[in-house]
Student: 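Structure incoming, see below.
A, B, ... follow the sequence lines: proteins, then strands. Residue 1 opens every chain. The shown structure was predicted, so the numbers you read here are calculated from the model rather than taken from an experiment.
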Amino acid sequence: MMSNQYHLNNIQFSYAGKKILDIKQQTFQQGKITALVGANGAGKSTLLGLLSFILNAELGEIEFSGTKVTKNNQATLRKSVGLVQQNPYLIKGNVIKNIELGLKFRHVKPVTRECMAREMLRLLKIESLADRSVKSLSGGEAQKVAIGRMLVLDPEVILLDEPFTHLDREFVEEFESLIKQLRDKQDKTIIFTTHNQTQAKTLSDQVFSITDGYLTEA
Amino acid sequence: MNKKIISVFLLIIVLALPAVAKANHLRLAITTTTENSGLMSRLNPVFEDQYGVDLDVVVVGSGQAFRLGSNGDVDILLVHAPETEKEFIERGHGIHRTAVMHNEFILLGPVDDPLQIRDVASIKEAFIQIREHEALFVSRGDDSGTHKKELAIWKSAGIDEYGSGYRASGQGMGATLLLANELGAYTLTDRGTFLAMQDKLDMEVLYEGDAILHNPYHVIAINPEKHEHINIDLAEKYIEFITSEETQRMIAEYQINQQQLFHPLMAMVTEQQLVSKEETERGFFTDAIDKSFKLILDFNKDLFLVVWTSLRISLMAVIIASIIAIPLGIFVALKLFPGRNFLLSILNTLMALPTVIVGLLLYGLLNRQGLLGEFGLLYTPVAMVIGQSILIIPIIWNLSIAAVKGADPRLRVTCLALGASLLQKGMIYINEVRFALIAAIVAGFGRAIGEVGVAMMLGGNIEGFTRTMTTAIALETSKGDFEFALAIGFMLLLVAFVVNIVLQQFQELK
């Protein structure tokens with residue numbers, strides 16, 4: 001049974017008087033992998049901002065799992081969505097502290113928190129980084145930590161902004177298979193942006209392309 | 001050609017100005033007691049009219065008056081410290097010492113008079129009672145004529161340890177009376193200042209009439225042979241004026257609340273002394289620097305007590321202000337609400353809040369008649385901590401807002417995406433921008449330690465209690481103890497320097 005994760009209806013978003021996004025009708029299906037392709041500045045990151053309820057469109061509405069998103073419920077709905085930014089920001093301190101951050105916000109007990117964080121590090125094969133200061137991490141390592149910080153919260157929807165940019169070739173393959181597993185075994189909805197057309201096609205179930213703020217199915 | 005003429009003309013004017021000034025101006029140093037009585041503002045305009053000159057009146061404590069005289073900063077003194085006056089004449093600094101008038105010192109105290117000072121037989125006995133019961137006594141402590149008289153009375157009573165009730169205000173007579181009134185303390189004053197301020201005070205004359213309380217005033221012209229720019233002609237005219245029959249009658253008739261303040265002295269006692277040239281003075285300033293360094297290197301107890309009082313009070317203020325201002329700063333930076341921009345512009349204005357305004361408002365609240373008067377906070381370190389906190393809250397608040405706004409913009413998205421509440425977000429921001437926040441705290445501390453308005457108005461400059469570096473500098477300068485003032489100045493600069501080094505370190509870490 002196919003159901004809609006997101007339905008976008010007449011969405012318009014401008015910044016400093018410039019129209020960034022203009023989407024008439026668009027649906028993102030639940031349990032699918034969607035790739036967003038497009039040039040720099042086409043509006044990919046803005047769309048992820050809207051889908052994670054961090055940005056608000058000035059016109060139009062978004063339905064999430066059949067619920068209309070409003071200012072009042074977006075903070076709650078945000079907890080079902082995980083976002084990893086293009087150049088993720090890690091807070092000062094060590095890696096384990098970063099992985100635990102979202103769990104801490106959800107008032108998970110410290111012991112449970114640390115267990116979950118260490119398991120996540122094992123899954124991503126970065127156990128050795130646990131006590132490293134974030135200052136000493138490479139770009140790829142930092143990206144893995146940010147991915148772990150999001151995955152440990154077990155969100156229904158996973159939004160990834162250019163997740164493969166800094167990753168080493170070896171891990172790209174592992175991460176691709178992890179993404180597929182998350183879809184197949186846990187029925188997660190995954191939306192990611194990329195420049196790489198080939199990767200978009202091989203990894204995703206559907207590819208959308210954004211040009212000058214307009215979204216089209218490729 | 002024309003330009004040349006004009007510039008020569010201007011040069012002549014500029015060169016002639018001091019001569020003009022000298023011919024028409026008389027610089028007179030008087031003491032705060034004389035000023036407070038209001039007598040001089042009655043007499044001086046008459047002199048100015050009669051002789052067609054301008055009087056420049058400097059109001060200082062006696063100590064500073066003598067210093068101004070020996071430095072040649074004034075032409076004539078009107079003082080009331082006979083011993084010091086004689087010494088001043090003997091050293092050749094002054095001539096024409098002439099008696100003008102006299103009044104009496106009186107002992108004031110609270111109306112209920114817990115020690116029954118009213119019933120004692122002599123001023124000596126009154127002082128002994130005060131000492132024995134360790135009652136509160138406010139001294140001028142500023143080397144003034146009144147202070148010197150008070151010290152002489154203690155000495156005659158055989159007391160050289162003043163006890164725990166003794167407070168030195170370090171201020172003029174008026175301020176000292178207000179302080180004694182606030183504290184419910186005993187104090188020695190001249191009758192003139194008391195009469196002039198009587199309706200502001202809840203105090204009564206408890207002892208008067210002892211011979212030792214006699215308070216004669218003299219004028220002394222500064223010796224023109226020591227300082228050639230002294231306007232001796234006008235100084236002599238002033239002496240002539242103030243001892244004239246007409247002026248003496250005005251002095252006798254001058255009243256406040258139907259009471260005569262001063263008794264004229266018609267008798268002319270002129271003492272002329274030959275100038276002793278033996279005093280070859282070293283450079284005033286370099287000498288003072290030497291002495292001030294010696295005070296610092298000897299770890300002078302009084303000096304470091306002042307430094308410690310300052311640090312203690314300002315640290316306390318900065319802790320309280322930070323606890324209030326940092327959370328407010330983070331809240332305002334992270335939360336959009338109606339009126340936010342208006343609040344930001346108010347905060348910006350308050351950054352430059354004049355310290356005397358804070359002092360004034362809190363004085364109104366904290367004095368005995370004020371809204372919070374019952375707590376008796378005025379002239380205590382607590383009042384200063386409150387004042388300094390209020391002064392620096394806008395600074396720390398504003399800089400905290402700037403600190404949060406200066407954080408990486410991705411941090412906000414990260415917090416939102418991970419589902420942080422406003423409080424959780426605030427905690428994360430405190431950690432992320434902690435160096436900028438410490439810089440904000442240090443900036444607040446720098447402002448607190450260097451301010452003088454609040455410290456003076458709310459602290460009252462009480463020695464060992466509320467006397468801070470800045471108020472001590474003001475006092476020591478007015479007392480004429482330039483060396484001590486300079487030593488504290490160096491310490492204050494040192495503190496400011498350390499604060500800035502720390503600030504710089506944290507700004508670099510950011």
Side-chain angles (χ1 to χ4, degrees), chain A residues 15 45-46 48-56 71 73-94 97-108 113 117 134-135 142-143 145-161, chain B residues 322 326-327 329-341 344 399-442 502-510:
Chain A
Y15 183 76
S45 298
T46 305
L48 290 190
L50 289 174
L51 297 180
S52 57
F53 317 125
I54 285 167
L55 298 176
N56 289 310
K71 289 227 170 188
N73 67 10
Q74 66 178 2
T76 316
L77 294 178
R78 220 178 262 147
K79 293 194 171 164
S80 310
V81 183
L83 169 75
V84 177
Q85 290 173 271
Q86 188 167 5
N87 284 302
Y89 183 85
L90 301 180
I91 61 160
K92 283 174 185 160
N94 60 18
K97 190 175 155 194
N98 265 279
I99 305 277
E100 286 182 32
L101 188 59
L103 296 169
K104 203 170 148 187
F105 291 157
R106 284 160 173 73
H107 306 289
V108 178
R113 225 151 68 191
V134 297
K135 275 189 216 156
Q143 201 148 21
V145 173
I147 289 166
R149 184 169 69 183
M150 179 272 299
L151 284 180
V152 80
L153 300 176
D154 193 28
E156 223 181 297
V157 177
I158 296 168
L159 304 172
L160 304 162
D161 200 355
Chain B
S322 301
I326 290 179
I330 289 168
F331 177 80
V332 171
L334 294 181
K335 185 92 183 154
L336 288 167
F337 52 87
R340 184 169 176 264
N341 285 333
L344 289 177
L399 293 178
S400 302
I401 295 173
V404 170
K405 286 190 171 168
D408 195 306
R410 293 172 300 165
L411 178 57
R412 193 185 75 89
V413 178
T414 305
C415 286
L416 281 177
L418 294 174
S421 67
L422 184 63
L423 184 67
Q424 289 166 334
K425 206 157 98 179
M427 298 306 284
I428 295 297
Y429 267 90
I430 288 182
N431 190 51
E432 293 299 299
V433 301
R434 57 181 181 260
F435 294 127
L437 290 177
I438 291 171
I441 294 169
V442 174
V502 173
L503 194 59
Q504 216 169 13
Q505 292 299 317
F506 280 114
Q507 275 167 349
E508 273 164 24
L509 278 171
K510 187 170 76 174

Student: Under a 4.5 Å heavy-atom cut-off, does chain A meet the side chain of B:Ser421, its backbone, both or neither?
Tutor: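 For B:Ser421, neither part sits under 4.5 Å from chain A.
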Student: What's the separation between atom NZ in B:Lys335 and atom CD1 in B:Ile330, rounded to the nearest 0.5 Å?
Tutor: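 Nearest 0.5 Å value for the NZ-CD1 distance: 15.0 Å.
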Student: Looking at A:Leu101, A:Leu103, A:Val108, which one forms a side chain to side chain contact (heavy atoms under 4.5 Å, CB included) with A:Phe105?
Tutor: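 Result for side chain to side chain contact (heavy atoms under 4.5 Å, CB included) with A:Phe105: A:Leu101.
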Student: Measure distances from A:Leu153 to the heavy atoms of chain B and classify the residue's part below 4.5 Å as side chain, backbone, both or neither.
Tutor: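 Contact with chain B involves the side chain of A:Leu153 alone.
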Student: If I take atom CD from residue A:Gln74 and atom CG from residue A:Asn56, how far apart are they, to the nearest 0.5 angstrom?
Tutor: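 The CD atom of A:Gln74 sits 4.5 Å away from the CG atom of A:Asn56.
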Student: Where does A:Pro155 contact chain B at under 4.5 Å (heavy atoms): side chain, backbone, both or neither?
Tutor: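 No part of A:Pro155 comes within 4.5 Å of chain B.
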Student: I need the A:Asn98 CG to A:Glu100 CD distance, nearest 0.5 Å.
Tutor: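 One finds 10.0 Å between CG of A:Asn98 and CD of A:Glu100.
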Student: Measuring heavy-atom distances to chain A, does B:Leu423 have an atom under 4.5 Å in its side chain, in its backbone, in both, or in neither?
Tutor: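 Nothing of B:Leu423, per the 4.5 Å heavy-atom cut-off to chain A.
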Student: Among A:Thr76, A:Leu83, A:Val81, A:Asn87, which residue forms the greatest number of heavy-atom pairs with chain B at distances under 4.5 Å?
Tutor: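 Looking at each option in turn, the highest pair count goes to A:Asn87.
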Student: Using the rule side chain to side chain contact (heavy atoms under 4.5 Å, CB included), only one of B:Leu437, B:Leu411, B:Val404 pairs with B:Glu432; which is it?
Tutor: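 Running side chain to side chain contact (heavy atoms under 4.5 Å, CB included) over B:Leu437, B:Leu411, B:Val404 with B:Glu432 returns exactly one hit, B:Leu411.
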